[in-house]
Amino acid sequence: MNQNIITYIDDNRETIFNQWIEGMDEIGEKKELKAISEKVYLSTSREYINLLLSNISKDMDNLSVVLTDFAEKIVRFGWPLIYVTEGLSLFGKIVFEGMTKDETDDSQKVTLMYDFDQWLRPVYNEIVKTYTGSWEHTVSMQKIALQELAAPLIPVFDKISVMPLVGTIDTERARQIMENLLQGVVKHRAEVVLIDITGVPVVDTMVAHHIIQAAEAVRLVGAKCLLVGIRPEIAQTIVNLGINLDQIITKNSLKKGIETALEMTNRKIVTAGDPE
């Protein structure tokens, strides 16, 4: 590491930091980060600058650990990758221009540029790798969480459970629906299961096939399946596609489905005070 770079940075840390903050404002990324306070923004920015300076010691193993913690923090904040990559480029530009503003020897500038590249390029690579890894891990955890919520089986009455479906149903989600249905039927000892497709925007041949398979699987474990929430446009699509739902009881609303499920379990909803 060029000792002149280390000395210059140590002597001008606060000036470099202030110029860096101004430069990041001009880049415009800070405008996308207004969800956090000015205090948090400045403290995180200063942490980033100090992180960059830590590579002066060439302790790349320690840098990787520090970068991992920092990357996880900015991913949680929702800051874009360009914040750290542009920030690194700006940092190098500020230091280089500060050191060469009075320099007239081109050969020395070239040497200094080479030293900068040797210093900052490994940091850049490590930052991108760490940020990407943290982001992929976060997305993976969110995907798992969404999958757990994507097809819940909810017991609403004794022996009656409902599975509300929202959004597009693909092959992976259909598998999750099947697993949750079968596990939930056994766990809640359900005799009737209502699959509510009110929130499913499109029911095509593939979706209908998955629903029929789910209903058949429920029947095999000793329960009955009702398909509810069939809107007029969905009904028309099912008819036009020639999809056969004869083996499944269908209702146009969850309310009617629950009333039917209660009748199937020898119960009904009565108004208080009505004679039985």
**Asked** Applying the side-chain contact (heavy atoms from CB on, under 4.5 Å) test to Ile160, which of Leu262, Leu226, Ile154 qualifies?
**Response**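 Option passing the side-chain contact (heavy atoms from CB on, under 4.5 Å) with Ile160: Leu262.
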Quiz item: Where the side chain of Asn12 meets the backbone of Thr15, is there a donor-acceptor pair that is under 3.5 Å apart?
Solution: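 No, Asn12 side chain to Thr15 backbone: no donor-acceptor pair under 3.5 Å.
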- For Val203 and Ile238, which heavy atoms make the closest approach, and how far apart are they?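 That would be CG1-CG1, 4.3 Å.
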Q) So which heavy atom on Leu153 is nearest to which on Asn180, and how close? A)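 Residues Leu153 and Asn180, closest heavy atoms: CD2-O, 4.0 Å.
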List the residues meeting salt bridge (Lys or Arg N to Asp or Glu O under 4.0 Å) with [X], not counting sequence neighbours, and say none if there are none.
{"X": "Glu14", "answer": "Arg46"}
{"X": "Arg231", "answer": "Glu233"}
{"X": "Lys224", "answer": "none"}

Practice problem: In sequence, state the C-alpha distance, the side-chain angles, and the governing distance for Arg175 and Glu179, and then conclude on salt bridge (charged side-chain N to carboxylate O under 4.0 Å, His left out). | Solution: CA-CA 6 Å; Arg175 183 190 62 79; Glu179 290 180 1; 2.5 Å; yes
Could you give the distance from [atom1] ([X]) to [atom2] ([Y]), rounded to the nearest 0.5 Å?
{"X": "Ser161", "Y": "Leu194", "atom1": "OG", "atom2": "CG", "value": "9.0 Å"}
{"X": "Leu90", "Y": "Trp20", "atom1": "CG", "atom2": "CH2", "value": "7.5 Å"}
{"X": "Ile243", "Y": "Met206", "atom1": "CD1", "atom2": "CE", "value": "11.0 Å"}
{"X": "Thr198", "Y": "Ile230", "atom1": "OG1", "atom2": "CD1", "value": "9.5 Å"}

Using a 4.5 Å cut-off on heavy atoms from C-beta on, say whether the side chain of Phe157 contacts that of Thr265.
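Sidechains of Phe157 and Thr265: no contact.
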Side-chain contact test, heavy atoms from C-beta onward, threshold under 4.5 Å: evaluate it for Val185 versus Val193 and give yes or no.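 Touching, per the 4.5 Å side-chain cut-off.
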Please list, one pair per line, the donor and acceptor atoms closer than 3.5 Å that link side chains of residues 211-223 to other protein atoms, with sequence neighbours excluded.
{"residue": "Gln213", "atom": "NE2", "partner": "His209", "partner atom": "NE2", "Å": "3.4"}
{"residue": "Glu216", "atom": "OE1", "partner": "Arg219", "partner atom": "NE", "Å": "3.2"}
{"residue": "Glu216", "atom": "OE2", "partner": "Arg219", "partner atom": "NE", "Å": "3.4"}
{"residue": "Glu216", "atom": "OE2", "partner": "Arg219", "partner atom": "NH2", "Å": "2.4"}

_Whether Glu263 and Arg267 form a salt bridge (side-chain N of Lys/Arg under 4.0 Å from carboxylate O of Asp/Glu) is what I want to check._
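Not counted as a salt bridge, because no side-chain N and carboxylate O are separated by less than 4.0 Å.
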Under 3.5 Å donor-acceptor pairs involving side-chain atoms of residues 251-259, not counting sequence neighbours:
{"residue": "Ser253", "atom": "OG", "partner": "Lys256", "partner atom": "N", "Å": "3.3"}
{"residue": "Lys255", "atom": "NZ", "partner": "Glu259", "partner atom": "OE2", "Å": "2.8"}

| request: Could you tell me which residues satisfy side-chain hydrogen bond (donor to acceptor under 3.5 Å, both in side chains) with Asp117, sequence neighbours excluded, listed by chain and number? | output: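 Residues passing side-chain hydrogen bond (donor to acceptor under 3.5 Å, both in side chains) with Asp117: Arg121.
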